[in-house]
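In what follows, a single structure is set out as structure tokens and then discussed.
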Amino acid sequence: MARRRMNSDAPDGGWRPRLAAGVRLRVDPADGRERLLFPEAALELNETAAAIVRLCDGRRSLAEIVGELTGRYGTTGAIARETAEFLGAMRERRLVE
Amino acid sequence: MNTSPPRSLVAELTYRCPLGCLYCSNPLDFAKRRAELSTGDWSRIFAQAAALGVLQLHLTGGEPLLRDDLTELTAAARACDLYINLITSGVGLTEARLDAFRAAGLDHVQLSLQDGDEAGADYVAGAGVHRRKLAVARMIARMKIPLTLNFVVHRLNLDRVGAMIDLAAELGARRVELASVQFHGWALLNRAHLMPTPEQNDRAEAIARGAAERMRGLMQVVFVRNDYLAGRPKPCMGGWGRGTIVIDPAGYAMPCQAAASIAGLEFPNVRTATLGEIWRDSSVFNAFRGYDWMKEPCRTCPERERDFGGCRCQAFALAGDAAAADPACEFSPHHRTVISARTELSERINPVYRTARSSRDIVHRNNSPGG
């Protein structure tokens, strides 16, 4: 199987991210916060990160995700940059693909 | 004491196992511990664990595949929304069973391999199983079930970490763990065989670092150094009774898989207490919580909140006192036992495989007068 090399380069806007197999998002009943579960950890997500991950359904493109978040949280290019950075880092850890 | 909730449950479903690995984490006297909890017992424990705050469940053993009710157990755990990781040798895993586990809610498989080389792997396992395990790894990847490969590394195989990483990539693992042997139980008996040399460790670590960089985004490569070579102790279990509950096959609850090696602890059992009572109130789980139990040099050490004084089982095994500083720490008054172990390497002593027979011999020896 030929696997495309993925690196830390910024992801492009056409990418349609989704949670990788074996990664689950769920609410932690202990504190009501959302956590990303995978074998090595239960990663606590802040509100923004959780909002991004919830939109990673494999149908929306990165550009569309940024569009939705911008509509929800307001203006600025910071959302585009931060979303791309966050999802790039998550992809590096093979949590989203 | 106010305690934060446990986040992870390690369920040792059985001590039966077709392998005899020289570094097995099961207790030395496993052969006399034959009782196993029922399907109903485990289902009750999973529900109590989830209610208590546990998010992750690790199904292990022995070899968990030897439980005929593994599909039912998986379904019971998934019914409480636990994240389910199956830790297995893979021996006996068929496509039909794996399919049933997946349908029941299994999230992830962690498969053990003993080496990148067949002869080396079968020597350490004491059984000719490596080839079958490779076939199982391929099957898991083919079925697109997320797979972590775990290699325990030690003097006999550390020089082949490059081959192990290549093998893991070829098998389609999402993550490969190169975890240095930790000297408890069986591994401690076999320390003279397994103790890595510092040079060997440094070379392997550099190879793993290079591979982690090269394979970034494709496969995670994680190397864990042997604590005898680290100078500072490992933050064992993230601290005693801070996040993990281990349940042994008979229902005894422990803060770590080696805790039964500490003499004088009366372990609570899930048949006679709830997991919540065990976690909050049992003397065992409170024995080394917080910092008040610590002695010098830990008590006033600025590192104590990072490493929790290291491993209690190792302190008991090497210093004779479970509340002492872990001798792996360079500040421990017993650190010389760790230093001298680095040079006590020998191929002349017979290795002791983890078999029911050697387990019974060990129990018998310990029970003999003057033994």
Side-chain angles (χ1 to χ4, degrees), chain A residues 1-46 49-50 52-54 56-58 62 83-97, chain B residues 4-8 50-60 78 80-87 102 105-111 138 140-150 169-177 179 212-222 224 238 243-244:
Chain A
M1 181 177 64
R3 287 202 283 185
R4 192 160 58 88
R5 186 193 152 88
M6 295 190 181
N7 53 34
S8 49
D9 295 349
D12 70 65
W15 175 36
R16 298 178 192 278
R18 57 170 184 193
L19 285 184
V23 182
R24 271 210 263 152
L25 180 71
R26 67 164 277 196
V27 174
D28 183 350
D31 54 14
R33 304 188 80 147
E34 284 184 283
R35 281 172 190 264
L36 210 52
L37 300 185
F38 46 103
E40 311 83 57
L43 195 68
E44 191 178 318
L45 299 178
N46 63 28
I52 296 171
V53 171
R54 258 181 271 127
C56 294
D57 55 7
L62 176 56
T83 304
E85 269 175 18
F86 172 71
L87 287 177
M90 297 270 288
R91 185 168 70 178
E92 237 176 59
R93 295 178 70 176
R94 296 204 65 187
L95 298 175
V96 295
E97 56 189 26
Chain B
S4 51
R7 310 322 311 247
S8 134
L52 200 54
V54 167
L55 300 170
Q56 278 162 320
L57 171 66
H58 303 277
L59 298 171
T60 182
R78 190 54 189 253
C80 345
D81 215 10
L82 293 172
Y83 184 96
I84 307 163
N85 179 28
L86 174 65
I87 302 175
R102 175 164 59 184
L106 178 68
D107 287 291
H108 178 272
V109 176
Q110 179 183 317
L111 186 76
R138 290 198 175 91
I140 296 168
R142 201 170 56 236
M143 293 173 70
K144 302 210 180 321
I145 293 172
L147 171 68
T148 292
L149 288 177
N150 178 284
E170 184 217 314
L171 292 171
R174 57 171 279 282
R175 174 180 161 99
V176 59
E177 297 172 350
E213 185 55 39
R214 204 170 58 244
M215 312 203 76
R216 189 192 295 230
L218 290 177
M219 180 175 79
Q220 251 195 326
V221 181
V222 180
V224 183
T244 302

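Letters A, B, ... are given to chains in the order of the sequence lines, protein chains preceding strands, and every chain is numbered from 1.
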What I'd like to find out is whether the side chain of B:L57 reaches to under 4.5 Å of the side chain of B:L59, using heavy atoms alone. yes
Would a 4.5 Å heavy-atom cut-off, applied to side chains only, mark A:L36 and A:M90 as touching? yes
Out of A:A42, A:G22, A:P39, return the one with the most heavy atom pairs under 4.5 angstrom to chain B. A:P39
Max heavy-atom pairs within cutoff under 4.5 Å with chain B, candidates A:A30, A:A41, A:P29, goes to A:A41
Using a cut-off of 6.0 Å, state whether more than 12 heavy atoms not belonging to A:R18 lie near its atom CZ. no
Assess the residue pair A:L45 and A:I52 against the criterion (side chain to side chain contact (heavy atoms under 4.5 Å, CB included)); give the C-alpha distance rounded to whole Å, side-chain angles, the decisive distance to 0.1 Å, and a yes or no. CA-CA 10 Å; A:L45 299 178; A:I52 296 171; over 6 Å; no
One option among B:R7, B:Q56, B:H108, B:Q220 has the most heavy-atom pairs under 4.5 Å with chain A, and it is B:Q56
Quick one: what part of B:N85 sits under 4.5 Å from any heavy atom of chain A, side chain, backbone, both or neither? side chain
Tell me, for B:L82 versus chain A, whether the close heavy atoms (under 4.5 Å) come from the side chain, the backbone, both or neither. backbone
Residue of the set A:V23, A:L25, A:L95 for which side chain to side chain contact (heavy atoms under 4.5 Å, CB included) holds with A:V53: A:L25
